[in-house]
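Note sheet for the following structure.
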Amino acid sequence: MNYERGFQKEDLESFKIGVSFYTNYDTIEPFLIGKGGGSVYGGEIKPSKPEDERFWGAPGETKYTYTAKGELIETLIGPDGKAYLEIHHTDHGFPKYHEVPHQHSIIWDQSGFHFGKEQTTKCFLYGRDTNMATWVGTNSLEDNRFKTISDFKQCMRRGGEVQFEWNGMLYCCFGCISPAADAALKMVICQAGSVEVNTRTEKWCDTADEILEYMVGGDRLRDVITQVKVWERTI
């Protein structure tokens with residue numbers, strides 16, 4: 001699945017001169033991990049949020065991370081020192097389509113990485129050494145917060161899994177998921193909770209822009225995405 005898209009006409013709205021009625025704009029920025037965008041040196045992306053440290057390590061190492069909600073994530077490091085698989089011990093508030101645990105492949109490209117579709121079957125674990133384990137720090141709520149609309153859209157395009165709160169209600173959204181085994185990959189957003197709650201509130205989308213049109217209570221997500229309390233985000 002291709003999580004990138006070309007330049008869109010609506011992105012020009014970010015560069016209008018003069019008065020505007022909207023304060024949250026989608027701005028053009030490179031994909032960089034972490035708070036404030038992170039840094040790139042010599043073509044390598046560097047982590048800047050505590051949980052981002054889990055994507056790099058020694059070959060065969062396992063990184064252990066707890067989300068702000070206390071849910072365990074295991075990240076497995078491959079022979080190149082980069083993560084190739086994660087095991088999530090949580091359903092992210094979407095039990096309708098997530099088993100506990102479930103796992104994701106991690107696919108790297110020149111600009112970073114993205115998550116593959118969730119899997120429940122076991123796959124090859126490269127030289128996993130149970131004696132090589134490292135605990136990674138947990139993001140603060142400020143670390144997790146989406147600073148811009150583009151930050152959120154990049155998270156979705158790269159297969160991120162997010163659980164957030166707005167006005168006392170929990171929601172979850174996913175950038176790489178399928179409604180059936182043989183169906184095309186999609187994005188989805190819904191209220192977090194039981195299978196019944198997921199089914200009643202889910203909206204399946206092709207783009208992050210469609211996700212941003214979802215109504216969270218009386219607000220459009222696009223208008224409040226930089227204000228919501230983000231309890232967990234995998235990217």
If you measure from [atom1] on [X] to [atom2] on [Y], what distance do you get to the nearest 0.5 Å?
| X | Y | atom1 | atom2 | result |
| --- | --- | --- | --- | --- |
| T234 | H104 | OG1 | NE2 | 6.5 Å |
| F164 | L221 | CZ | CG | 4.5 Å |
| I87 | I73 | CD1 | CD1 | 11.0 Å |
| M187 | I189 | CE | CD1 | 11.5 Å |
| D52 | N139 | CG | CG | 6.5 Å |
| T138 | Y66 | OG1 | OH | 9.5 Å |

* Structure fact -> W204 meets the ring-ring contact (aromatic ring centres under 6.0 Å, His included) criterion, sequence neighbours left out, with Y97
* Asked: Under a 4.0 Å N-O cut-off, is there an ion pair linking R222 with D209?
  ->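 Judged by the 4.0 Å cut-off on N to carboxylate O distance, R222 and D209 do form a salt bridge.
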Is any side-chain heavy atom of [X] closer than 4.5 Å to a side-chain heavy atom of [Y]?
| X | Y | value |
| --- | --- | --- |
| C172 | C190 | yes |
| Q103 | L76 | no |
| D109 | R158 | yes |
| Q227 | D219 | no |
| D206 | K186 | yes |
| N144 | W231 | no |
| F94 | E161 | no |
| K203 | E213 | yes |

Does [X] share a hydrophobic cluster with [Y], counting links as ILVMFWY side-chain heavy atoms below 4.5 Å and allowing steps through other members?
| X | Y | result |
| --- | --- | --- |
| V197 | W166 | no |
| L170 | V224 | no |
| F55 | V136 | no |

* Structure fact -> In terms of heavy-atom contacts, K69 and Q163 come closest through NZ-OE1, 3.0 Å
* To do: Name all residues meeting the side chain to side chain donor-acceptor pair (under 3.5 Å) criterion together with T90; count only those two or more places apart in sequence or in a different chain, and write none if there are none.
  => E71
* Residues which pass side chain to side chain donor-acceptor pair (under 3.5 Å) with K229, listed by chain and number, not counting sequence neighbours ->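 K229 satisfies side chain to side chain donor-acceptor pair (under 3.5 Å) with no residue once adjacent residues are dropped.
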* Asked: Ignoring hydrogens and geometry, is there a side-chain-to-backbone donor-acceptor pair from N198 to A192 under 3.5 Å?
  -> no
* To do: Can you label the angle between the F113 ring and the W108 ring as parallel, tilted or perpendicular, going by 30° and 60°?
  =>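 Ring orientation of F113 relative to W108: tilted.
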* Asked: Quick one: do the D143 and S140 side chains pair a donor with an acceptor below 3.5 Å?
  -> yes
